[in-house]
Enquirer: 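Dropping the structure in here first, questions after.
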Amino acid sequence: VGRGHGGNRDETPMHRVEITRPFWLGIYPVTQEQYAKVMRRNPSQFRKGGSRADKVEGLDTKRFPAEGMSYDDTLAFCRK
C-alpha cells in the first residue's frame, strides 16, 4: 500500500505481519442495516442522507456493505 497504489499516506510503511493465533473471519460484509442495529447509527456515505446519496438515489441501501467507519468504529462494533 502506498500513495501510488490506492492507499493513504498514513497507511505506510508496508510491513509483514505474522498471524500467531487463530481468529474468526466473516465471509460476508457487514450490511448497513446490521451495523445500524448494533451501533444505532449509520455513517455510510452510500445511503439516504450520506455524502454520496446521489449515487444511490431510489435504492434500498440497507443490504449494501457498511463503509465509512473509522478503525475505532469497527473495533467498537466488534466489541458489541
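Quick note: numbers below take in every heavy atom, side chains included, and nothing from hydrogens, waters or symmetry partners.
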Enquirer: Roughly how far, to the nearest 0.5 Å, is the OG1 atom of T31 from the CD atom of E33?
Expert: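 If I round to the nearest 0.5 Å, the distance is 5.5 Å.
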
Enquirer: When rounded to the nearest 0.5 angstrom, what is the spacing between NZ in K48 and CD in Q32?
Expert: 13.5 Å

Enquirer: Same cluster or not: I19 versus L25, using hydrophobic residues (I, L, V, M, F, W, Y) connected whenever any side-chain heavy atoms lie under 4.5 Å apart?
Expert: yes

Enquirer: Start with the C-alpha gap between M69 and Y35, add the side-chain angles, then the distance that decides, and say whether side-chain contact (heavy atoms from CB on, under 4.5 Å) holds.
Expert: CA-CA 10 Å; M69 292 82 202; Y35 187 89; 3.5 Å; yes

Enquirer: Among side-chain atoms of N42 and S44, is any donor-acceptor pair under 3.5 angstrom?
Expert: yes

Enquirer: Roughly how far, to the nearest 0.5 Å, is the CZ atom of R52 from the CD atom of E67?
Expert: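 Answer rounded to 0.5 Å: 8.5 Å.
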
Enquirer: Just do the side-chain contact (heavy atoms from CB on, under 4.5 Å) check on D73 and S70 with the steps written out, would you?
Expert: CA-CA 5 Å; D73 290 339; S70 71; 3.2 Å; yes

Enquirer: Kindly give the cluster partners of L59, where membership spreads through any ILVMFWY side chain lying under 4.5 Å from a current member.
Expert: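 F46, V56, F64, listed by chain and number.
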
Enquirer: What pair of heavy atoms forms the shortest contact from P29 to Q34, and how long is it?
Expert: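 Shortest heavy-atom contact: O-OE1, 4.0 Å.
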
Enquirer: Can you name the side-chain contact (heavy atoms from CB on, under 4.5 Å) partners of S51, sequence neighbours left out?
Expert: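 For S51, the residues satisfying side-chain contact (heavy atoms from CB on, under 4.5 Å) (neighbours in sequence not counted) are Q45.
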
